[in-house]
Number of protein chains: 6
Amino acid sequence: MSLVTLIEYADAPPAVRLVYDDIMKTRGTDWINNFWKALANNPAELKRVWESVKQVMAPGALDPLVKEMVYVAVSVTNGCEYCTYSHTAGARKKGMSDAMFMELMAVVGLANETNRLANGFRIDVDKQFR
Amino acid sequence: MSLVTLIEYADAPPAVRLVYDDIMKTRGTDWINNFWKALANNPAELKRVWESVKQVMAPGALDPLVKEMVYVAVSVTNGCEYCTYSHTAGARKKGMSDAMFMELMAVVGLANETNRLANGFRIDVDKQFR
Amino acid sequence: MSLVTLIEYADAPPAVRLVYDDIMKTRGTDWINNFWKALANNPAELKRVWESVKQVMAPGALDPLVKEMVYVAVSVTNGCEYCTYSHTAGARKKGMSDAMFMELMAVVGLANETNRLANGFRIDVDKQFR
Amino acid sequence: MSLVTLIEYADAPPAVRLVYDDIMKTRGTDWINNFWKALANNPAELKRVWESVKQVMAPGALDPLVKEMVYVAVSVTNGCEYCTYSHTAGARKKGMSDAMFMELMAVVGLANETNRLANGFRIDVDKQFR
Amino acid sequence: MSLVTLIEYADAPPAVRLVYDDIMKTRGTDWINNFWKALANNPAELKRVWESVKQVMAPGALDPLVKEMVYVAVSVTNGCEYCTYSHTAGARKKGMSDAMFMELMAVVGLANETNRLANGFRIDVDKQFR
Amino acid sequence: MSLVTLIEYADAPPAVRLVYDDIMKTRGTDWINNFWKALANNPAELKRVWESVKQVMAPGALDPLVKEMVYVAVSVTNGCEYCTYSHTAGARKKGMSDAMFMELMAVVGLANETNRLANGFRIDVDKQFR
């Protein structure tokens, strides 16, 4: 059970509805996921985070599917259950196949392993990498 | 300073040299980075990790540049200095531009932020994501 | 389900009851939360951890509400479900309002973001900060 | 050495200078720390992150010193060297004494400990906390 | 609910069954736990991870119980629920008593605490340790 | 450079000297490492942490070398540089050979990998493990 009230559209003040409308329009959906309903307890924070997501996840030098898979990689590394479910769903919607998800997880797992091997041996960074 | 001796090619036993040769051949380089020189203190472990890297990072459903950027994303999330330098170098070699790196970091930063917002509010996973 | 038996007051040996009594007296409550019931499997460890909590969380240069909110911030960053629930409850009891909780989460989220931007760019610490 | 060029004021395009000017004005300083100089490689990202920091760290339901200490707590938990130096400096500027810093670290340490005890025993959340 | 289909023995292709058979034979069990059933969606990855586990967890300079307890320590530090349950079960099967588990958790908790104290004070490594 | 003054024995108040003396006596050394010199800025905190270390790391159901290796495993997982150096030195002093250290790191690396695989697939805990 969430630690804050989830603000439904019907109960939301105008400033929150504006953001909800923009989320649904941008994503082409007709519902708002719980993450935003929690943030809506602070409308200014809701707006700030949504605008950050909209700006950062827009197509640019990286395509949106790659960005979404990077989001999954970070969420899995941090062990965030909500984010793993929501961004895996997002990545699938943008075209991530089962095979791509399996490879993504393999890379995430391996990186977490070798990160600790490098940490553990306290390896100096090679001059070629600097 | 590394916590284990770095094993140079000249001092390496045959089992280690075989792996070093394969690393250089696979990567098209003429040098071995410190990570492998540390692992070489246990030749069986060196072989195991190298074969994992070779298998996981090979082209497949995801292209090698995407895999390398995912590796960077995980390394940055974990704060692994060595891995951030080495895999950023790897990603640049495979074509990551400055603009791509900047966007990659923006996604990594944002994901780390929203992971904690979801953690903090203890948000239930929407049924649509399950 | 917990990985160890939760030791109820009625079943607890005297050394454990002494700590339980002190917890209830210090906190002004008439029940013991599961965290302590798990630790009670090792009475010396129960005593050690409780005395640490009592000492560290006492009023001092920082007031107890600030300390409790810092505890929440760490628990959220680490993704500890139990601790997020228990210390949020503790902070609310000490006066944390909804608005304060929303701002606290905003800071925690943002700090997690900028931590990774600093990690990712491998930024040198400015001489003015050292 | 940073993985991206640090953009100095003299070399910065107008969009970056606008942000730099606002940072210095808001903070009452006459220099820009390296964090922003790295972000300036993507002016839109620089603007986004700065506006987030300005909004989140402004006085509100929590006072700026408390926010800054929470920032330190998160940075220390994540092991971010740059952020620990920069936000400790920020907190000291806002009034954090040596005694406050020592207590802050004690809470951060203890929270990291008990987070793992709760994780390790897989303790169910008490109904009183939900 | 898992994000990928769990592949049961009856539905598994020959390459997966070979690994499943080896897991059951090596462990002296007659069932396969969900972790492997998820990995089986990519038979090459299943084989790679299982062979890594078999090699790394085999008796060597460290005995298998110590290795299993180290596995628990890492899983608890990372907050991995599945891994904490599965490796605690593994450690108990290899002889970990209640008293050993309690002491293990005490060390894990304390290490997480002092890690942050060292991080927070940004303590230089003593020359005697290098 | 440390964020707090390191308190040398010669400059330490009696309450700190008592702890320093006990550290040196318990460990059979004639010097104090920087970790304690930083904590000494708050003598009550120094005493609390030292007594925790002394109690938790004492021989018990687990032998001191195993405890020290678990400490290394946690420190490496968290990426704590100071702790990795200091506890590796501690483990070597208690008998950890090169071969043991290499195997320890292999387990730590692998656990970090499979933790993320389990996180990523959101695998349900098998009923046999509960």
Side-chain angles (χ1 to χ4, degrees), chain C residues 1-4 6 31 33-35 37-39 49 52-53 55-57 60-62 66-67 69-71 73-75 77-78 80-83 85-89 97 99-100 102-104 106-126 128-130, chain D residues 1-4 6 31 33-35 37-39 49 52-53 55-57 60-62 66-67 69-71 73-75 77-78 80-83 85-89 97 99-100 102-104 106-126 128-130:
Chain C
M1 211 191 70
S2 169
L3 278 164
V4 292
L6 299 180
W31 63 288
N33 56 303
N34 291 339
F35 179 79
K37 293 180 189 166
L39 275 176
V49 176
S52 278
V53 168
Q55 178 176 326
V56 169
M57 300 304 281
L62 298 177
V66 169
K67 288 185 175 184
M69 289 192 298
V70 167
Y71 223 113
V74 170
S75 303
T77 296
N78 286 329
C80 181
E81 182 185 30
Y82 185 88
C83 317
Y85 276 106
S86 60
H87 289 280
T88 300
S97 64
M100 291 163 82
M102 290 304 295
E103 288 195 17
L104 177 61
V107 177
V108 170
L110 188 66
N112 272 287
E113 178 173 34
T114 60
N115 280 193
R116 270 54 179 220
L117 294 173
N119 277 351
F121 296 126
R122 306 306 312 169
I123 301 168
D124 290 323
V125 179
D126 306 78
Q128 291 92 334
F129 292 148
R130 288 198 180 261
Chain D
M1 210 192 70
S2 171
L3 278 164
V4 291
L6 300 180
W31 61 288
N33 56 304
N34 290 339
F35 179 78
K37 292 180 189 167
L39 275 176
V49 176
S52 278
V53 168
Q55 178 176 325
V56 170
M57 300 303 281
L62 299 177
V66 169
K67 289 186 175 184
M69 289 192 298
V70 168
Y71 223 113
V74 170
S75 303
T77 296
N78 287 328
C80 180
E81 183 187 30
Y82 186 87
C83 317
Y85 276 106
S86 59
H87 290 280
T88 300
S97 65
M100 291 164 82
M102 290 305 294
E103 288 196 17
L104 177 62
V107 177
V108 169
L110 188 65
N112 272 288
E113 177 172 34
T114 61
N115 279 193
R116 270 55 179 220
L117 295 172
N119 278 351
F121 296 126
R122 305 305 315 167
I123 301 167
D124 291 323
V125 179
D126 307 77
Q128 292 92 332
F129 292 147
R130 289 198 179 261

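Residue numbering restarts at 1 for every chain, and letters A, B, ... go by the order of the sequence lines. Worth saying up front: this structure is predicted, and the values here are computed from it rather than measured.
Of the atoms belonging to C:Met57, it is side-chain heavy atoms, and not backbone ones, that fall under 4.5 Å from chain D. Using a 4.5 Å cut-off between heavy atoms, C:Val49 contacts chain D through its side chain alone, with no backbone atom that close. Proximity to chain D is absent for every atom of C:Leu6, based on heavy atoms less than 4.5 angstrom apart. Heavy atoms of D:Ala61 lying under 4.5 Å from chain C belong to its backbone as well as its side chain. Within the 4.5 angstrom heavy-atom criterion, atoms from both the backbone and the side chain of C:Ser86 approach chain D. Only the side chain of C:Glu113 comes within contact range of chain D, with heavy atoms under 4.5 Å apart.
Chosen from C:Ser75, C:Ala106, C:Ala89, C:Ser97, the residue pairing most often with chain D at heavy-atom distances under 4.5 Å is C:Ser75. Taking D:Val125, D:Val108, D:Asn115 one by one and counting their heavy-atom pairs under 4.5 Å with chain C, the maximum is reached by D:Asn115. Ranked by non-hydrogen atom pairs under 4.5 Å with chain C, the options D:Lys67, D:Met69, D:Gln128 are led by D:Gln128. Per-residue heavy-atom pair counts under 4.5 Å with chain D were compared for C:Asn119, C:Leu110, C:Leu104, C:Val4, and the maximum is reached by C:Leu110. Note: C:Leu62 leads C:Leu62, C:Thr77, C:Asn112 in heavy-atom pairs under 4.5 Å with chain D. For the set D:Lys37, D:Met100, D:Glu103, the count of heavy-atom pairs under 4.5 angstrom toward chain C peaks at D:Glu103. Looking only at heavy-atom pairs under 4.5 Å with chain D, the residue among C:Leu39, C:Val107, C:Thr88, C:Leu117 that has the most is C:Val107. Contact tally against chain C (heavy-atom pairs below 4.5 Å) for D:Val66, D:Asp124, D:Val53: the top residue is D:Asp124.
Smallest separation of non-hydrogen atoms from C:Ala73 and D:Val70: CB-CG1, 3.8 Å. For the pair D:Gly120 and C:Leu3, the tightest heavy-atom approach, listed with the atom from each and the gap, is O-CD1, 3.3 Å. The shortest heavy-atom contact between D:Phe35 and C:Ala118 is CE1-N, 4.0 Å.
The backbone N or O of D:Ile123 lies less than 3.5 Å from no partner atom in the side chain of C:Asn34, so there is not a single donor-acceptor pair.
Shown here are the ring-ring contact (aromatic ring centres under 6.0 Å, His included) partners of D:Tyr71, two or more places apart in sequence or in another chain: D:His87. Shown here are the ring-ring contact (aromatic ring centres under 6.0 Å, His included) partners of D:Phe121, two or more places apart in sequence or in another chain: E:Phe101.
Using a 4.5 Å cut-off on side-chain heavy atoms (C-beta onward), D:Asp126 and C:Tyr82 make contact.
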